[in-house]
*Asks:* 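Sending over a structure as structure tokens; questions will come in a sec.
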Amino acid sequence: MDSILKVEGLSFKYSNSKEYAIRDISFEAKQGEILCVVGANGSGKSTICNALVGLIPHYIDGEREGTVKIFNENTAGLKMGELVTKIGLVFQNPFNQLSYTTSTVEQELAYGLGNIGVPRDEMVLRIQKIAKRMRIDKFLHKNPLELSGGQVQRVALGSSIVMDPDIIVLDECTSQLDPMGSEEIFDIIKDLNQDGKTIILVDHDMEKVARIADRVMVLHEGELAAIDTTKNIFGNLAMENYAIAVPDFTQIGLSLQDNHLYNGEPIMNEQEAIAAAKKVLYS
Ligand SMILES: Nc1ncnc2c1ncn2[C@@H]1O[C@H](COP(=O)(O)OP(=O)(O)OP(=O)(O)O)[C@@H](O)[C@H]1O
């Protein structure tokens with residue numbers, strides 16, 4: 001797979017801080033992959049997200065070093081209006097993403113398109129398509145502030161996706177939702193990925209990360225500790241060093257391994273755990 005995103009030597013120090021929040025981060029994301037970013041609180045996950053999408057340095061002041069390239073183009077030379085058509089961000093709190101200048105979901109979805117001068121006919125088509133996809137087509141004429149948290153998160157996701165970016169960055173976008181709302185968002189993310197979108201996902205729920213990620217990047221105190229396939233990260237890395245929980249299913253495999261009952265690949269999901277347990281019981 002070709003690389004779509006290349007980050008080299010990225011560092012950032014907030015203007016009100018003495019310490020760098022992230023230091024010398026370099027990695028690539030391949031086109032069409034799901035790359036999950038994990039790490040303890042304060043390890044720099046949100047800072048990286050904000051730097052990838054241009055909020056750093058356009059809206060957040062500080063000292064920034066290094067480069068972010070999308071399809072080999074340095075994003076430092078791009079205006080926010082250009083960046084949002086290449087890389088979109090969805091925040092943890094969807095209410096922070098609303099424009100608060102519109103009174104309906106439809107206007108909210110149109111907001112970014114209007115800013116980049118998309119003609120009205122095309123706008124209507126794009127909004128209809130995305131509203132269906134985000135399962136918000138029934139709410140188009142409602143005020144976003146009347147919706148549930150899960151519905152507003154789907155509006156926030158829709159307002160990023162409607163710009164048709166190649167890369168979507170999701171910063172703990174399900175952490176404030178109930179399990180059903182969270183599953184709905186995860187289903188939509190998987191659909192978008194199957195359509196070829198590259199996904200960069202920050203999440204604290206390691207079961208979900210193990211289920212969805214192609215690769216995992218581990219941050220520790222502002223530095224990149226590891227980046228590898230999901231199996232290699234959860235199966236081989238000493239996660240406790242980074243204050244990250246190992247997914248339960250992987251833990252079952254590691255316990256079987258410690259007792260010399262299993263020596264296969266790291267276990268990532270329920271099916272693999274059941275297969276390993278059956279082998280132990282029936283062999
Ligand atoms: N606006 C800000 N001004 C000053 N320092 C900040 C700001 N935002 C974050 N930081 C600091 O930068 C470091 C990295 O924070 P960041 O929010 O990127 O970590 P995180 O891994 O996303 O944390 P969490 O999981 O709690 O969201 C922390 O030390 C944090 O205190």
Side-chain angles (χ1 to χ4, degrees), residues 34 36-37 45-46 49-50 52-53 55 59 80 83-116 118 120-209 211-213:
I34 300 185
C36 285
V37 184
K45 303 180 297 294
S46 297
C49 292
N50 291 336
L52 293 182
V53 303
L55 291 177
Y59 293 103
M80 278 310 272
L83 259 173
V84 290
T85 64
K86 297 178 190 297
I87 185 162
L89 176 67
V90 184
F91 294 106
Q92 178 173 25
N93 181 347
F95 291 94
N96 288 346
Q97 194 151 346
L98 296 177
S99 65
Y100 293 97
T101 58
T102 64
S103 54
T104 67
V105 169
E106 189 176 35
Q107 289 168 2
E108 191 64 35
L109 293 178
Y111 184 79
L113 296 174
N115 282 345
I116 60 165
V118 171
R120 196 169 157 72
D121 293 353
E122 189 189 329
M123 215 187 247
V124 171
L125 288 178
R126 276 166 81 162
I127 290 172
Q128 279 171 354
K129 188 173 152 208
I130 292 301
K132 259 211 169 98
R133 185 133 217 218
M134 298 299 135
R135 302 164 201 165
I136 50 174
D137 44 328
K138 294 201 171 63
F139 317 126
L140 277 177
H141 300 295
K142 276 201 166 180
N143 188 318
L145 298 175
E146 289 169 18
L147 305 179
S148 71
Q151 290 163 347
V152 180
Q153 191 53 286
R154 299 208 301 278
V155 173
L157 186 52
S159 60
S160 285
I161 307 299
V162 80
M163 308 305 286
D164 200 20
D166 303 295
I167 308 170
I168 304 160
V169 181
L170 302 121
D171 188 1
E172 294 189 47
C173 68
T174 61
S175 62
Q176 299 190 355
L177 305 182
D178 60 30
M180 226 173 90
S182 162
E183 276 309 312
E184 268 184 312
I185 296 282
F186 266 84
D187 285 347
I188 291 171
I189 295 169
K190 279 189 266 177
D191 273 1
L192 291 167
N193 177 247
Q194 287 195 336
D195 273 5
K197 301 284 184 199
T198 303
I199 309 285
I200 313 258
L201 177 80
V202 173
D203 211 288
H204 275 293
D205 182 339
M206 294 306 133
E207 313 301 326
K208 285 220 177 82
V209 170
R211 240 172 55 202
I212 202 171

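Values below: all heavy atoms of this structure, side chains included; hydrogens, waters and symmetry mates excluded.
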*Asks:* CD1 of Ile130 to CE of Met163: how many Å apart, nearest 0.5 Å?
*Replies:*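 Output value for this atom pair is 11.0 Å.
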
*Asks:* Begin from the C-alpha positions of Asn50 and Tyr59 and carry the test side-chain contact (heavy atoms from CB on, under 4.5 Å) through to its verdict.
*Replies:* CA-CA 9 Å; Asn50 291 336; Tyr59 293 103; over 6 Å; no

*Asks:* Give every donor-acceptor pair under 3.5 Å between a side-chain atom in residues 101-114 and any protein atom, sequence neighbours left out.
*Replies:*
from   : atom 1 : to     : atom 2 : distance (Å)
Thr101 : OG1    : Ser99  : OG     : 3.1
Thr102 : OG1    : Glu108 : OE1    : 2.6
Ser103 : OG     : Gln107 : OE1    : 3.3
Thr104 : OG1    : Gln107 : N      : 3.1
Gln107 : OE1    : Ser103 : N      : 2.8
Glu108 : OE1    : Ser99  : OG     : 3.1
Glu108 : OE2    : Ser99  : N      : 2.8
Glu108 : OE2    : Ser99  : OG     : 3.4

*Asks:* Less than 4.5 Å apart, side chain to side chain, heavy atoms only: is that true for Asp137 and Gln128?
*Replies:* no

*Asks:* With a 3.5 Å distance limit and no angle check, can you tell me whether Ser160 reaches the backbone of Leu89 through a side-chain donor-acceptor pair?
*Replies:*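 Confirmed, Ser160 side chain pairs with Leu89 backbone.
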
*Asks:* Let's go through Ile185 and Gln153 carefully: what are the C-alpha distance in whole Å and the side-chain angles of both, what is the deciding distance for side-chain contact (heavy atoms from CB on, under 4.5 Å) to 0.1 Å, and is it a yes or a no?
*Replies:* CA-CA 8 Å; Ile185 296 282; Gln153 191 53 286; 3.8 Å; yes

*Asks:* Among Ile199, Ile212, Asp203, Leu170, which residue meets the side chain to side chain contact (heavy atoms under 4.5 Å, CB included) test with Cys36?
*Replies:* Ile212

*Asks:* For a quick test of reading the model, state the closest non-hydrogen atom pair linking Pro144 to Val152 and the distance between them.
*Replies:*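 For Pro144 versus Val152, the nearest heavy atoms are O-CG2, 3.5 Å.
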
*Asks:* Which pair of non-hydrogen atoms, one from Lys142 and one from Leu147, has the smallest distance, and what is that distance?
*Replies:* CD-CD2, 3.8 Å

*Asks:* Who pairs with Lys86 by salt bridge (charged side-chain N to carboxylate O under 4.0 Å, His left out), at least two apart in sequence or on another chain?
*Replies:*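 Glu73.
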
*Asks:* Working to the nearest 0.5 angstrom, can you tell me the gap between Leu52 CG and Ile167 CD1?
*Replies:* 8.0 Å

*Asks:* Do Arg133 and Ile161 come within less than 4.5 Å of each other through their side chains, counting heavy atoms only?
*Replies:*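 Counting from C-beta outward, Arg133 and Ile161 never come under 4.5 Å.
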
*Asks:* For Glu183, check salt bridge (charged side-chain N to carboxylate O under 4.0 Å, His left out) against everything at least two apart and list the hits.
*Replies:* Arg211

*Asks:* Write down the atom of Ala156, the atom of Gln97, and the distance for their closest heavy-atom approach.
*Replies:* O-NE2, 3.5 Å

*Asks:* May I have the step-by-step check of salt bridge (Lys or Arg N to Asp or Glu O under 4.0 Å) for Lys129 and Asp164, ending in yes or no?
*Replies:* CA-CA 11 Å; Lys129 188 173 152 208; Asp164 200 20; over 6 Å; no

*Asks:* For residues Glu172 and Phe91, determine if any side-chain heavy atom of one lies less than 4.5 Å from a side-chain heavy atom of the other.
*Replies:* no

*Asks:* Decide yes or no for Phe186 and Leu201: does some side-chain heavy atom of the first lie under 4.5 Å from some side-chain heavy atom of the second?
*Replies:* yes

*Asks:* Taking the side chain as C-beta and beyond, is there a heavy-atom pair between Gln92 and Val202 under 4.5 Å?
*Replies:* no

*Asks:* Within the distance-only criterion (no hydrogens, no angle test), does the side chain of Arg154 pair as donor or acceptor with the backbone N or O of Met134 below 3.5 angstrom?
*Replies:*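 Checking the backbone N and O of Met134 against the side chain of Arg154, a donor-acceptor pair under 3.5 Å is found.
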
*Asks:* Begin with the C-alpha distance, continue with both residues' side-chain angles, and end with the deciding distance and a verdict on side-chain contact (heavy atoms from CB on, under 4.5 Å) for Leu192 and Ile188.
*Replies:* CA-CA 6 Å; Leu192 291 167; Ile188 291 171; 3.9 Å; yes

*Asks:* For residues Pro165 and Gly88, report the shortest heavy-atom separation together with the two atoms involved.
*Replies:* CB-N, 3.7 Å

*Asks:* Assess the residue pair Ser182 and Lys208 against the criterion (side-chain contact (heavy atoms from CB on, under 4.5 Å)); give the C-alpha distance rounded to whole Å, side-chain angles, the decisive distance to 0.1 Å, and a yes or no.
*Replies:* CA-CA 10 Å; Ser182 162; Lys208 285 220 177 82; 2.9 Å; yes

*Asks:* Can you tell me how far apart CD1 (Ile168) and CD1 (Ile189) are? Round to the nearest 0.5 Å.
*Replies:* 8.5 Å

*Asks:* Do Ile116 and Thr85 have side-chain heavy atoms sitting under 4.5 Å apart?
*Replies:* yes

*Asks:* From Ile200 CD1 over to Cys49 SG, what is the distance, rounded to the nearest 0.5 angstrom?
*Replies:* 8.0 Å

*Asks:* Heavy-atom distance under 4.5 Å between the side chains of Val155 and Phe139, does that happen here?
*Replies:* no

*Asks:* Determine yes or no for a side-chain-to-main-chain donor-acceptor pair under 3.5 angstrom, with Lys45 supplying the side chain and Asp171 the backbone.
*Replies:* no

*Asks:* Please give me the minimum heavy-atom distance between Phe95 and Tyr100, naming the atom from each residue.
*Replies:* O-OH, 2.8 Å

*Asks:* Less than 4.5 Å apart, any side-chain heavy atom of Glu184 and any of Asp187?
*Replies:*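 SC-SC contact between Glu184 and Asp187 ruled out.
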
